[in-house]
Structure formats: C-alpha cells, structure tokens
Amino acid sequence: MKILEITGGQKLSGTIRISGAKNSAVALIPAAILAETETTICNIPEITDTDNLCDILNNLGVKTKRASESIIIDSTNMQNQVINEEFSKKLRASYYFMGALLGKYKKVTMHFPGGCSIGARPIDLHLKGFEALGATVKKEENKYTVEADRLIGCPIYLDFASVGATINIMLAAVKAEGRTTIDNAAKEPEIVNVATFLNNMGARITGAGTSTIRIDGVKHLHGCFHEVIPDRIEAGTYTIIGALCGENLKIDNIIPEHIESLTSKLQEIGAKLEIGSDYITISRSENYKATNIKTSTYPGFPTDLQQPFSILLTQCNGKCKIEETIFENRFMQVPYLCQMGADISVKNQTATFIGPTKLKGKEVVATDLRAGASLVAASLIAEGTTKITNVEHILRGYENIVEKLTQVGAKIKREEI
Ligand code: EPZ
C-alpha cells in the first residue's frame, strides 16, 4: 500500500503547473474510438485513471502510443467485445465506453460496478438516454448489454444535469440518424472539451456548455488532433493550499473563469490573490472571515472542491457551513479532520465548522479522491507529521502531486508499505 508522509508548517512558494483535466481526459480517451483513423490527444495527465482506460482500449484491440503528456489512439483494427469487471471496476468513468461503443457499433456489453464511496451513483439517466435513441438495455446482475438496430436522434430531457449522462448521450448520438437534443444538459467545461473533440472529428454538435445541446448525426468521423483543458479541480485544490500556507504561490496554466466560484469565495473570506490571464498567485492571510458553501452544478461551487475547501473553513473565524447537494456521502474526511483537531459536525447533507482550530499531524486514511486531497491540504498546515494511507485514491486524480508540492517547499514523501 502507498502512503504519504507530510510534515506541516512550511510556507509554499514558487510555481505549480496544472495538468490536463482528469474529468475531461477520462471521456476523451473512450470517445477516440469513434474516429475511423488515428487521433492524437495532448495534455493528457499521467494518472492511474488514464492508464486504466488505455488498458481497456488495448483489450479492445485499439493501438495506443503514450508520449509524454500526449497519446496517439488508433482504432483501425479494434474489435467490439465484452468489457469485463476487472477493467471496468477500476474507475467509474469506464462507463463512457457504453456511449462510445453504442455510437460506433450500435452494441456494447460491459460489466459496470454499482456506486462508490461518495454515493450510489446510479446510471439511470445514461440508460434512459440510450433507450430514447432506440437502444434496448439488458441488465444481468452488473452486466449491461445495450444494443440497437438503428439509433434515431430525438429530444432527451435529463431529470438532473448529470455530467456523465450528458457526455455519454453525446457519444451515442454523434452517428445517430437525425437530430438529438439534450435538454437540462450539464454545462461543465469538460463537456465543451469533449464536444470540441467530436466536432474536430467531423461531428455536428452545437450548444455544449449551455443547458441545450444539439447533435446532428453524421455517418463518418475521422481522426484529429485535440488538447485537454487544464484541470480546474486540480487548480482549485492547489489554490486552496496556497490560501492555507502559500507565500506568493503561483498556480500556472489554468483557465481562471473555470474556478470563478472558488476565487470569488476566497476573496469573500479575505484571501490575498492575484488573478492573471492563465494563472493565480495566492498567499496565506492571517484572518479569514466565516462563510457558507452550497455545492451545485457548474458554474456553481463544485462538489469536487468542497472537501479541499473544508480545510480553509477550519481556519475561518466563527461558524461556517457546507451544504453538499450533489452526492450523498461526501464528508468522509471529517472524522479524520476532527482527529487532527478540527471542530466539525455533520447532520444530513450539511457540515458545520467552528474555527479557527489548530490541527495536529495524525495517521489518517484517504477514503476517496477529494477527501484524500483535503487531508493533504490539512497535513500541510498541521503541527508535526501526518501519515495518509490509501493514497492510491489521491494518485488517481492528481498528477505528480508529491513532485509538485516538493518543488514549492512542502515536506512530503511517498512510501510503499
Ligand atoms: C462527474 O461525475 C465527475 N466525474 C465527478 O468528479 C463530479 O463530482 C461530478 O461529475 C459532478 O460534477 C467524472 O467526470 C469522471 P453526475 P458523474 O452524473 O458524471 C446523480 C472527482 O472527484 N446521477 O453529474 O458521475 C449522481 O448519483 C469525481 O473527480 C443519477 O442519479 O456525476 C449524483 O448524485 C467525483 N443518475 C449526481 O447525479 C445518473 O444516471 C451527479 O452526478 C447519473 C447521475
């Protein structure tokens, strides 16, 4: 098992360069099979999630070539075959192969695991979209077979603006006959990045980034060159760390508009930050005002940043609240933060913080990706040394986190036990 050992109290200065967005890359890699010729995607983060998706591609006979931060994908000789649980259970985003294989072959059979630690995470909206396009869905235990004689474009309304369902329906609809309209579509920047990739292949998608996306089906899609957008959640995580213990810490290669909900919240509590065209510079302030957070879909405050942000709330003067509206179980870092000295109570979907509190290094466990990231942030300001186990969760979504933090002055090391 991999662990991180972090000694708190260091001021972090220098520059952290943000990598490509995990939540875009994990959709772009399956989407690439829709092209009949070779695609090149650059700025792909080197994390276990992208490695696991390449394993699925290779298992389908797709040739992949990894250069640093880019990947060449050639599906010329691929075969459509069952995606077994050994592959699909490694990450939830494997479900994008449902839309991609349905869109390419009109049939997909894959094992797909149920929820995960942060919630049930059903895929009913994905399946409803596939059925609306004319597919039948057969479920045997956790094996899904989705197939259609023809995929016919149609209007689809999403009961919830689901990121995954929006992307998966796009992947299934790009080669359907006629027009598909997705209403109440998710508006996250990653959706725009995927739609742009598909349009570069020759698809006809308009409205991505708004709540109404129109897809006019085409017969053929060709290879192209594409770039992953910077990871707004990684950028937000390091910006929060800068607010906790930075000294002119520069977070570089970002799209500031993508984390406007975070930067405006940081300014509200009194953080000292400078927002440039593609960077943020931030330093720790001595006094942070209390505030409240309510997570919501983009452009609201992202659920993926509420866990890292919770560390800042332990340092604010007074009472703060976080209301988590997207996932049902996303406060799993709280017991560990309380062990470290935080004063937090959780009732239903709301966590209440009384601050400021001094944090002390302890032995803690990363229960999920963003909880793990929040424990890294807490360790950096805690007195003494913190050991975090189960860090595979963290390495899934933060490229070179140890190297990036070390180079700005953090005392952090990765060990195998
Ligand atoms: C994506 O998950 C991200 N993952 C998540 O990031 C992110 O938290 C989430 O969007 C919200 O922004 C990837 O992009 C790989 P949803 P996704 O479908 O697509 C319910 C991280 O830390 N729902 O928008 O699964 C669902 O249960 C991860 O990087 C249904 O009920 O999110 C949840 O409560 C965590 N039925 C809510 O919608 C469905 O068919 C949001 O889910 C689909 C979703």
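For ligands, and for the atoms within them, numbers begin at 1 and follow the listed sequence. Hydrogens, waters and symmetry mates play no part in the numbers below; they use all other heavy atoms, side chains included.
Per-residue contacts place Val26 under 4.0 angstrom from the following atoms of ligand 1 (heavy atoms of the residue considered): 15 (C). Each of the atoms 18 (O), 19 (O) of ligand 1 lies under 4.0 Å from some heavy atom of Gly164. Counting atoms of ligand 1 from 1 in the listed order, those under 4.0 Å from a heavy atom of Tyr95 are 17 (P), 19 (O), 25 (O). The Val163 neighbourhood of ligand 1 comprises atoms 10 (O), 12 (O), 16 (P), 18 (O), 19 (O), 24 (O), with distances under 4.0 Å to a heavy atom of that residue. Near Leu125, meaning under 4.0 Å from any of its heavy atoms, are these atoms of ligand 1: 36 (N), 39 (C), 40 (O). Of all atoms in ligand 1, listed by their number and element, those nearer than 4.0 Å to a heavy atom of Lys22 are 21 (C), 29 (O).
Below 3.5 Å of separation, one finds no N or O of Ile118 facing any N or O of ligand 1. Checked against a 3.5 angstrom limit, the closest N/O atoms of Phe160 and ligand 1 fall outside it. Where the criterion is an N or O separation shorter than 3.5 Å, residue side chain and backbone included, Tyr96 fails it with respect to ligand 1. Among the atoms of Arg330, some N or O lies under 3.5 angstrom from an N or O of ligand 1. For Ile326, a nitrogen or oxygen atom sits less than 3.5 Å from a nitrogen or oxygen atom of ligand 1, counting backbone and side chain alike. Checked by distance only, ligand 1 and Asp304 come closer than 3.5 Å through their nitrogen or oxygen atoms.
Of the charged side-chain nitrogens involved, none lies within less than 4.0 Å of a carboxylate oxygen, so that Glu147 and Lys106 do not count as a salt-bridged pair. We find that Glu38 and Lys63 are not joined by a salt bridge, their nearest charged nitrogen and carboxylate oxygen being 4.0 Å or further apart. A salt bridge links Glu234 and Lys404; the closest N-O separation between the charged side-chain nitrogens and carboxylate oxygens is under 4.0 Å. Between Arg330 and Glu324 there is no salt bridge, since none of the side-chain N atoms of the basic residue sits less than 4.0 Å from a carboxylate O of the acidic one. By the 4.0 Å N-to-carboxylate-O rule, Glu268 lies close enough to Lys265 to be salt-bridged with it. The pair Asp49-Arg396 meets the salt-bridge criterion, with a side-chain N (NZ, NE, NH1 or NH2) lying under 4.0 Å from an Asp/Glu carboxylate O. A salt bridge links Lys128 to Asp159: at least one charged side-chain nitrogen sits closer than 4.0 Å to a carboxylate oxygen.
Taking each of Gly119, Pro122, Ala186, Gly397 in turn, the one with a heavy atom nearest to atom 44 (C) of ligand 1 proves to be Pro122. The heavy atom nearest to atom 13 (C) of ligand 1, considering only Leu369, Asn168, Asn23, Thr303, is found in Asn23.
Looking from atom 18 (O) of ligand 1 to the surrounding protein, the closest heavy atom is Ser162 OG, 2.7 Å. At the top of the distance list for atom 2 (O) of ligand 1, counting protein heavy atoms only, stands Arg121 NH2, 3.3 Å. Looking only at heavy atoms of the protein, atom 32 (O) of ligand 1 is closest to Phe327 CZ, 4.1 Å. Looking from atom 36 (N) of ligand 1 to the surrounding protein, the closest heavy atom is Asp124 OD1, 2.7 Å. Closest to atom 22 (O) of ligand 1, if we only count protein heavy atoms, is Arg370 NE, 2.9 Å.
Using modelled atom types, one side-chain atom of Asn58 and one backbone atom of Val62 make a donor-acceptor pair closer than 3.5 Å. Looking only at distances, a side-chain donor or acceptor of Asn168 sits under 3.5 Å from a matching main-chain atom of Tyr95.
Relative to the ring axis of Tyr298, Lys187 does not place its NZ or CZ within 45° and under 6.0 Å from the centre.
Distance screen at 4.0 Å: atom 20 (C) of ligand 1 has no protein heavy-atom neighbour inside the cut-off.
Between Asp278 and Asn253, the closest side-chain pair of non-hydrogen atoms is not below 4.5 Å.
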Review point. Hey, mind stepping through Leu171 and Tyr96 against side-chain contact (heavy atoms from CB on, under 4.5 Å) and telling me if it holds?
Key: CA-CA 8 Å; Leu171 298 177; Tyr96 288 130; 4.2 Å; yes
